[in-house]
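Structure first, then comments.
The first residue in the sequence is number 1, and the count goes up from there.
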Amino acid sequence: MSLAQLHYTSAPPGPDGSGFRFTAVSPGVPATLLREAEQFLGYEPPRDLPDRPDAEQLKSFPKAFSCTELADGGRLLCRSVYTGADYSGRWGNFHAHAVHLPPGTRLPDGALPITVWESPRWADTTPPGGRPEPVDRIEPSRLLRRDGLVAFARSRADRLAAFFADLRTLADGSDARQIVLVERDSGDVAQWIALACTVLPREQAHRLTFTTYTRRPQQARQQIVGALPSSEPVAHDQRFRVHDCTGRTAGEPVADAWAEVCARIWTAGRPELFRDTARDLGDTADDVGRLAVAALAEGIALPPAARAAAARRATQRTAELPGPTLTALLGELARATGEDDGNGQNGGNAQDDRNTQDGRNTQHGGDGRDGADEPAALAALLTRLDGQVPTAVSAPLAARVLTLAVRGRGPVPALGAGSLTPQVRAALARDLAPALRHTLADPAEPPTGRPLTLLHLADLLDVDCTDLLPEFAGRVARELVSGKEPGSGQEPGSGQEPGGSAGPESGRDPGNARHPGNGREPGHEAPGAAALLDAVRGHPALRTALFGALDALAAAQPAVVAGRLTGSGLPVDLDPGFPHLRMCVLGGAARPAGGDRRARLRAVLHTAGVSPHAAPAVLHTAFRLVWPEEPPTGEEASLLLNELGSDAHRLAGTRDLLVAAALAAPAEDAAAPLLAADLLRCFTEELAPAHRAPLLLLEFAALLGTDGEGENWVERVRALRDGAVEPVPEQVTRRVYDALARRLLTVPVPESELYALARSGDTALLAAYERAARSATVAERLRTAPSYAAARFCDWSAYQDTHPGWEATRTTLLAKVLRPVVRALPAEDQAAVEEALRDTGRGRLDAYRAWNRPGALGRLAGRLTGRGRREDGRSRWPGDVQPPAGGGGR
């Protein structure tokens with residue numbers, strides 16, 4: 001195929017005119033192409049070169065070699081050179097020789113446009129006769145050879161990565177800004193373009209447009225634009241990314257691993273790797289992993305981000321890598337980089353830092369990941385290869401991964417003893433033992449995080465850490481129970497309520513399955529929980545220390561510990577003992593049907609593996625697991641006391657929990673007074689003074705109405721209440737007041753007790769009396785028993801003006817309780833009431849009739865009954881006791 005050629009210069013007059021014009025054009029070139037091409041063929045000489053150069057000076061003028069995309073998708077390759085004076089002697093002439101590549105075509109043999117820079121085919125003058133000689137190929141220049149490009153790349157080593165980073169974004173279209181290269185020689189710009197075309201995928205290299213020189217970069221349309229220092233500046237124009245290679249200052253560090261890899265391959269003198277990578281792995285050289293694998297396999301040191309990319313690539317495509325390549329790659333990845341630790345040791349073998357040859361600190365890879373991924377990427381590769389390649393091949397990489405884990409906070413892969421050679425293991429143990437022990441002992445380290453994994457590593461390397469395990473296990477235990485994120489510093493039980501009842505955690509049902517340190521449901525354990533369980537199962541010394549620490553916490557805060565560890569999977573069955581921990585871990589499953597809490601207590605005690613008589617403290621733990629927030633009912637506590645005996649509760653420390661059950665029992669719990677009596681009987685000398693008075697009050701409440709009630713009820717109740725060391729619980733006083741009030745409303749009632757009530761003026765006791773008098777039980781008896789109605793009239797009309805409190809209570813009861821009932825009684829019941837009152841004396845009957853008479857006088861009749869009026873023997877109420885000494889009759 002013959003290439004269409006164009007020659008353009010200033011020529012004498014001819015058929016096409018004079019001045020600058022096409023002086024030779026291949027046959028068949030359309031006029032439209034000539035008009036479009038003409039705007040790309042111009043040349044302006046640099047301002048700082050001579051205006052009238054001689055022949056020798058002309059050689060120093062820059063050559064403008066360009067590849068420009070045309071409107072139809074074709075390419076125009078053009079070489080423009082300054083020729084000095086034209087035919088008329090006027091200075092400023094140039095000659096342009098161009099070749100047109102139609103759309104979809106390339107140079108013969110698929111040569112890249114930049115390879116024909118300064119080819120002998122380019123002409124400086126118009127061919128004789130104005131007709132170009134047919135050209136079917138353009139021979140490449142000898143100026144862009146491998147060795148020369150390598151030397152040039154090394155001379156620009158500090159600028160390569162920045163250029164390649166901009167080139168990548170330009171080629172893939174993510175940033176359309178043009179690149180301006182400022183050099184003193186247009187030939188150096190051509191070498192930059194040659195470097196660019198080498199690292200780019202072949203197709204992108206063919207599409208790259210460029211020019212090696214222009215005096216006006218802002219008017220250039222190519223992607224890469226060459227300029228001289230004297231060209232018009234564009235440094236502050238946001239349309240361009242300028243690389244001024246004439247200054248002394250190198251560019252900023254580059255955050256592009258692919259660009260760094262390309263730079264290091266060039267400075268290492270191995271550009272063929274770009275070609276081999278594209279041929280072997282596809283035309284996607286911007287994949288940093290592929291290129292990094294090839295570079296490392298050839299011993300080219302790379303920055304961390306690129307090493308991480310290579311490790312990820314090798315992990316994904318292990319089967320595709322030839323054996324020698326994989327071995328060489330692992331050897332290079334195993335080398336220390338100076339960032340692993342403080343002394344550059346790797347398994348006991350010192351290695352030079354080969355990754356800082358140009359002083360760069362690249363952090364990000366072309367795939368968007370940064371160099372901090374290297375430890376994880378190496379660990380993943382090691383895990384992938386462990387057991388798949390000879391240990392001698394993988395052991396150095398394993399040594400580096402473990403060194404990174406200890407000193408660089410990388411992950412610790414699950415390795416076995418066969419993953420390290422004896423020499424590597426011994427060297428690692430020597431070098432890493434201090435750091436391992438320091439991390440395990442560091443209280444600032446979250447124990448269920450990195451230290452737990454390093455404990456496995458210590459076992460692998462035979463580093464003795466036994467002396468550190470008790471304190472370490474204590475930290476692990478506290479973190480597990482705290483329920484906080486690792487390293488939060490929150491102490492367990494911070495929400496603990498006084499008296500041993502659990503705080504926020506205690507509200508959880510201990511049967512809810514949780515996993516160590518995360519509170520997750522079964523089957524959703526976090527990686528940290530799984531690591532802990534593995535460590536506990538595989539490390540007997542740690543297990544013993546941890547279970548001991550957890551057992552102590554379980555004894556102190558059973559509800560909290562159970563809330564965190566029930567269903568956790570902790571293998572408590574592997575070791576005997578630790579009964580408190582066993583109950584917290586296994587007790588959640590001990591749930592008899594029917595909700596019988598005493599049966600559950602027995603089941604929880606069974607999980608302890610020891611009798612409460614042999615180890616009384618387990619009873620206390622089991623008790624607080626079954627009743628974590630509220631005490632048992634009076635009936636439950638009474639049965640527990642009788643079932644286990646007072647000695648068991650005394651030794652277990654559960655006596656006060658039984659006392660709390662009695663004192664906290666609601667009024668409807670009929671067993672509470674009997675429980676109080678049992679506690680007073682069983683712990684006669686041991687009860688706290690603050691508990692004795694309330695228990696005596698509860699006991700007395702049960703005695704009222706029985707043969708054991710004795711005398712002076714009101715005074716006994718008030719004396720016990722007022723003599724208590726601490727305020728009596730409200731539910732206890734209310735229970736006793738209600739019981740006493742009910743007793744004072746029965747028949748018969750000693751006058752001395754009613755008089756004691758009236759004289760006391762005790763607000764709470766009078767309120768309880770009124771509350772009981774207003775009850776449905778009293779109302780029913782008033783309606784159905786005339787004698788009871790008569791007795792209540794006598795009581796509520798007695799002891800007027802004894803105390804204002806009593807006066808208000810009795811008048812209220814007469815008006816609001818008795819009067820509505822009496823008014824509604826049938827005639828025969830009315831007569832029965834009066835008959836009962838007649839037996840007590842004429843005065844009470846008269847007072848009743850006056851009180852019961854309608855009208856204002858009736859409402860005031862209650863005042864007519866005399867205080868302390870004495871009656872003869874016939875007027876006494878049947879069954880009445882002797883009135884108080886000194887008077888006080890009805």
Please check if atom [atom1] in [X] has more than 12 non-hydrogen atoms from other residues, nucleotides or ligands closer than 6.0 Å.
X      : atom1 : answer
Arg131 : CZ    : no
Asp51  : CG    : no
Gln39  : CD    : yes
Glu139 : CD    : yes

Any donor-acceptor pair under 3.5 Å linking the side chain of [X] with the backbone of [Y]?
X      : Y      : answer
Arg47  : Arg215 : no
His100 : Leu76  : no
Thr9   : Phe94  : yes
Asp86  : Arg90  : yes
Glu118 : Ser141 : no
Arg159 : Asp244 : yes
Glu320 : Arg317 : no
Asp54  : Gln57  : yes
Glu44  : Gly92  : no
Thr126 : His7   : no

Heavy-atom closest pair, residues [X] and [Y]:
X      : Y      : result
Ser186 : Trp117 : OG-CH2, 3.9 Å
Ala205 : Leu200 : N-CB, 4.2 Å
Leu58  : Thr83  : CD1-O, 4.0 Å
Asp166 : His243 : OD2-NE2, 2.7 Å
Thr246 : Arg184 : O-NH2, 3.4 Å
Gln5   : Ser26  : N-OG, 2.8 Å

Decide yes or no for [X] and [Y]: does some side-chain heavy atom of the first lie under 4.5 Å from some side-chain heavy atom of the second?
X      : Y      : answer
Leu296 : Leu333 : yes
Gln223 : Leu208 : yes
Gln219 : Thr214 : no
Phe210 : Ile114 : yes
Asp136 : Pro108 : no
Pro62  : Tyr43  : yes
Arg290 : Val293 : no
Pro324 : Thr327 : no

Would you give the length of the straight line joining atom [atom1] of [X] to atom [atom2] of [Y], rounded to the nearest 0.5 angstrom?
X      : Y      : atom1 : atom2 : result
Ile193 : Thr211 : CD1   : OG1   : 7.5 Å
Ser2   : Arg137 : OG    : CZ    : 13.5 Å
Gln178 : Phe240 : CD    : CZ    : 4.5 Å
Arg21  : Glu38  : CZ    : CD    : 11.5 Å
Thr23  : His97  : OG1   : NE2   : 10.0 Å
Ile265 : Leu160 : CD1   : CG    : 11.5 Å

Worked verdict on Asp147 versus Arg145 for salt bridge (charged side-chain N to carboxylate O under 4.0 Å, His left out): CA-CA 6 Å; Asp147 293 344; Arg145 295 297 187 182; over 6 Å; no
Verdict with supporting geometry, Val182 and Leu228, side-chain contact (heavy atoms from CB on, under 4.5 Å): CA-CA 5 Å; Val182 181; Leu228 298 184; over 6 Å; no
Evaluation steps, side-chain contact (heavy atoms from CB on, under 4.5 Å), between Leu101 and Leu3: CA-CA 7 Å; Leu101 298 177; Leu3 299 174; 4.1 Å; yes
For [Y] together with [X], are the ring centres under 6.0 Å from each other?
X      : Y      : result
Tyr8   : Phe22  : yes
Phe152 : Trp266 : no
Tyr213 : Phe65  : no

Candidate pair Arg270 and Ile300, rule side-chain contact (heavy atoms from CB on, under 4.5 Å), full reasoning: CA-CA 9 Å; Arg270 300 300 304 277; Ile300 300 174; 4.0 Å; yes
Could you check whether [X] pairs with [Y] (Lys NZ or Arg NE/NH1/NH2 to Asp/Glu carboxylate O, under 4.0 Å)?
X      : Y      : result
Arg239 : Asp237 : yes
Glu69  : Arg207 : no
Arg400 : Glu374 : yes

Among Leu382, Leu381, Leu378, side-chain contact (heavy atoms from CB on, under 4.5 Å) partner for Thr315: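 Only match with Thr315 under side-chain contact (heavy atoms from CB on, under 4.5 Å): Leu381.
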Single hit among Pro113, Ser119, Ser66 for side-chain contact (heavy atoms from CB on, under 4.5 Å) with Leu77: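 For Leu77, the side-chain contact (heavy atoms from CB on, under 4.5 Å) test succeeds with only one of Pro113, Ser119, Ser66, which is Pro113.
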Working for side-chain contact (heavy atoms from CB on, under 4.5 Å), residues Arg156 and Trp192: CA-CA 10 Å; Arg156 304 295 195 274; Trp192 275 114; 3.7 Å; yes
Pair Thr169-Arg241, side-chain donor/acceptor within less than 3.5 Å: yes
